[in-house]
Student: 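Shown below is the structure under consideration.
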Amino acid sequence: MAELQRAADLEQRSLEEVVEDAVERYVRLKRRERLYAYGEGQAKRLGIKEEDVPTLVKEIRRDTSARGR
């Protein structure tokens with residue numbers, strides 16, 4: 001808690017603001033980690049490898065563009 005208070009003092013913010021900011025960042029990080037884990041699981045399930053991604057992105061962009069015409 002003392003370190004948090006020092007950080008708040010250095011930034012001229014309240015302790016509550018520093019804690020709120022830290023919690024928001026933590027929640028965003030965990031949400032991103034869950035999303036990445038989901039994507040990795042889906043890729044594994046579908047047999048998609050990392051080196052396949054650029055080609056798949058090009059195909060999707062081409063298909064999306066063609067539908068927009």
Student: If Ile, Leu, Val, Met, Phe, Trp and Tyr residues are connected whenever their side-chain heavy atoms lie under 4.5 Å apart, and connections chain through other members, are L10 and M1 in the same group?
Tutor: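 Different clusters: L10 never reaches M1 through Ile, Leu, Val, Met, Phe, Trp or Tyr contacts under 4.5 Å.
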Student: Between R13 and E11, does a salt bridge (Lys or Arg N to Asp or Glu O under 4.0 Å) hold up when you go through it step by step?
Tutor: CA-CA 5 Å; R13 298 169 66 195; E11 296 180 18; 2.8 Å; yes
Student: Is there a donor-acceptor contact under 3.5 Å from the side chain of D52 to the main chain of K49?
Tutor: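 Between the backbone of K49 and the side chain of D52 there is a qualifying donor-acceptor contact (under 3.5 Å).
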Student: Can you tell me how far apart CG (L46) and CG (L56) are? Round to the nearest 0.5 Å.
Tutor: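 It comes to 9.5 Å.
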Student: Do R62 and K58 pass the side-chain contact (heavy atoms from CB on, under 4.5 Å) test, and can you show the C-alpha distance, the side-chain angles, and the key distance before you say yes or no?
Tutor: CA-CA 6 Å; R62 185 182 61 238; K58 285 179 186 175; 5.5 Å; no
Student: Does CD in E3 sit with more than 12 non-hydrogen atoms of other residues, nucleotides or ligands closer than 6.0 Å?
Tutor: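 Atom CD in E3 is not crowded, with 12 or fewer foreign heavy atoms closer than 6.0 Å.
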Student: Mark yes when over 12 heavy atoms from residues, nucleotides or ligands other than Q12 sit less than 6.0 Å from its CD; otherwise mark no.
Tutor: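 Atom CD in Q12 is not crowded, with 12 or fewer foreign heavy atoms closer than 6.0 Å.
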Student: Count I, L, V, M, F, W, Y as connected when their side-chain heavy atoms are under 4.5 Å apart, and connections chain through other members. Are Y38 and I48 then in the same cluster?
Tutor: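 No, Y38 and I48 fall in different hydrophobic clusters.
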Student: Within the side chain of S65, is there an N or O that forms a donor-acceptor pair under 3.5 Å with the backbone of R61?
Tutor: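 Such a contact is absent between S65 side chain and R61 backbone.
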Student: Output yes when K30 and E33 qualify as a salt bridge under the 4.0 Å nitrogen-oxygen rule, no when they do not.
Tutor: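 So K30 pairs with E33 through a salt bridge.
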Student: Assess whether atom CD of E50 is packed by more than 12 heavy atoms of other residues, nucleotides or ligands within 6.0 Å.
Tutor: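 For E50, atom CD is not crowded (no more than 12 foreign heavy atoms under 6.0 Å).
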Student: CD of E20 to CD of E16: how many Å apart, nearest 0.5 Å?
Tutor: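 The CD atom of E16 is 9.5 Å from CD of E20, to the nearest 0.5 Å.
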Student: Under a 4.5 Å side-chain heavy-atom rule over Ile, Leu, Val, Met, Phe, Trp and Tyr, are L29 and L35 clustered together?
Tutor: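 No; tracing contacts between hydrophobic side chains, which count when under 4.5 Å, never links both residues.
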Student: May I ask you to say whether D21 pairs ionically with R25, meaning some side-chain N is under 4.0 Å from a carboxylate O?
Tutor: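 Salt bridge between D21 and R25, a charged N being under 4.0 Å from a carboxylate O: yes.
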Student: What is the distance from atom CG of L15 to atom CZ of R6, rounded to the nearest 0.5 Å?
Tutor: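 These two atoms lie 12.0 Å from each other.
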